[in-house]
Amino acid sequence: MSDKIPVTVITGYLGAGKTTLLNRILTEQHGRRYAVIVNEFGEIGIDNDLVVGADEEVFEMNNGCICCTVRGDLIRIIEGLMRRRGKFDAIIVETTGLADPAPVAQTFFVDADVKDAARLDAVVTLADAKWLSHRLKDAPEAKTQIAFADVVIINKTDLVTPQELEEIEARIRGINPYATLHRAVKADVPLKAVLERNAFDLERILEIEPSFLEAEDHDHDHGHDHDRHDHHHDHDHACGPGCGHDHHDHGHAHHDHHEHDSHGHLKAIHDTEMQSISLRHPGDVDPERFVPWLNELVQQEGPDILRCKGIVAFKNEPRRFVFQGVHMILDGDLQREWRENEPRESRLVFIGRKLKEDLIREGFDKVVS
Ligand SMILES: Nc1nc2c(ncn2[C@@H]2O[C@H](COP(=O)(O)OP(=O)(O)OP(=O)(O)O)[C@@H](O)[C@H]2O)c(=O)[nH]1
């Protein structure tokens, strides 16, 4: 996996700051060489970067399911890039403001040649601090882009008050509790916050931010102090050291009914349409029951599942099974061994629209019972 070229996908609604971020990445002295794929012709013109015009090319997958598409143009570009391997260290794909990130992400799971050569490292979504809350009301793409993100950069924070910023952060948390949030002006985030994060393969999401999983799971104890500490690195700008707040919600806050935690921070404002479900099982899982269940679930509910991820402890298996998916497309493999002092437990996350929570929870309970 390590010899695969990492790919960062930058998304975000029109004008959110994608180009600003890209230009920052390309002008900063970081000693890395990036190949850039932009799917708006002529948007930037930087020597030696690839600037391509791309019409969406849709391949229907899974017997014609329209939620699964890959982009033929992207496949061809990446294949072309692979012939120039060694000339760059990583690939950045900037999508148009109105793009659904799913077809871009799916391309990296579906096409065998692309899959062999490149791995999706992270989906980074730029959010316009001033306008996102409006776009969440009138633009479904804006919400999908947030739901899809591994990293959300709340940009243009200079244009809002601290309170408005807290509110927009709570809205984002309500849509996607698992993404790492950064606040920025002119996309001024440390590049390591967005590049080569290995986020998409979920090592980091579930290990660094398990407190978000706890938000959804009320059945286990909440004593992950060391994890919570790590998670706070991303919020140090907002909270002093030692502040023990969580940017998540155990209750049912709504737009007109903001709830604050004991530190006065706004808690996540749950989105009524987009939701996330996390499942956890302490102990081993039988792969012969788990895998068919998961496959069937994504076949049935795939159109509504934007993303799913999980780390699973299989019975009699020293290695961790790690999977991720986009709509109906699933990809999983056995990765590193469970560490000696690491509890063998299985954790799954589903993010999507109008998910059938009972069906998913009951199905999982049956599988692990
Ligand atoms: N005030 C303010 N303006 C910003 C900030 N970041 C970017 N801008 C401006 O916002 C505008 C849009 O930024 P872009 O980087 O072009 O946004 P984009 O997402 O690439 O836009 P599209 O390609 O149209 O989707 C530009 O005029 C930027 O200079 C910020 O943090 N604060």
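Not measured: the values here are computed from a predicted model. Both ligands and their constituent atoms are indexed starting at 1 by order of listing.
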Worksheet item: Do ligand 1 and A187 have nitrogen or oxygen atoms that lie under 3.5 Å from each other?
Response: no
Worksheet entry | For L159, the ligand 1 atoms whose distance to one of its heavy atoms is below 4.0 Å | 1 (N)
Item to complete: Say whether, by atom type as modelled, one donor and one acceptor occur between the side chain of R135 and the main chain of A127 under 3.5 angstrom.
Response: no
Item to complete: Pull out every atom of ligand 1 sitting under 4.0 Å from any heavy atom of N155, numbered as shown with elements.
Response: 5 (C), 6 (N), 7 (C), 31 (O)
Discussion item. Below 4.0 Å, non-hydrogen atoms only: which portion of T157 touches ligand 1? Side chain, backbone, both or neither.
Written reply: neither
Discussion item. Among I91, V36, D121, V93, which residue satisfies the side chain to side chain contact (heavy atoms under 4.5 Å, CB included) criterion with T8?
Written reply: D121
Practice prompt. Fit a plane to each ring of W293 and F364, take the angle between them on a 0 to 90° scale, and name the class: parallel (under 30°), tilted (30 to 60°) or perpendicular (over 60°).
Written response: tilted
Worksheet item: Would you call E169-R183 a salt bridge at under 4.0 Å N-O?
Response: yes
Worksheet item: Quick one: which ligand 1 atoms are inside 4.0 Å of a heavy atom on L14?
Response: 25 (O)
Practice prompt. Would you tell me whether Q145 and E141 have side-chain atoms, one donor and one acceptor, within less than 3.5 Å of each other?
Written response: no
Item to complete: Pick one of side chain, backbone, both or neither for how D158 approaches ligand 1, counting any non-hydrogen atom pair under 4.0 Å.
Response: side chain
Worksheet item: With distance as the sole test, does D331 use its side chain to make a donor-acceptor pair with the main-chain N or O of Q324 at under 3.5 Å?
Response: no
Worksheet item: For A16, does its backbone N or O pair with a side-chain atom of N155 as donor and acceptor, under 3.5 Å?
Response: yes
Worksheet item: What are the atoms of ligand 1, with element, lying closer than 4.0 Å to any heavy atom of V185?
Response: 31 (O)
Practice prompt. Report yes or no: does a heavy atom of G15 sit under 4.0 Å from some atom of ligand 1?
Written response: yes
Worksheet entry | Any N or O of A16 closer than 3.5 Å to N or O of ligand 1 | yes
Discussion item. Counting only nitrogen or oxygen atoms and a 3.5 angstrom limit, does A184 reach ligand 1?
Written reply: no
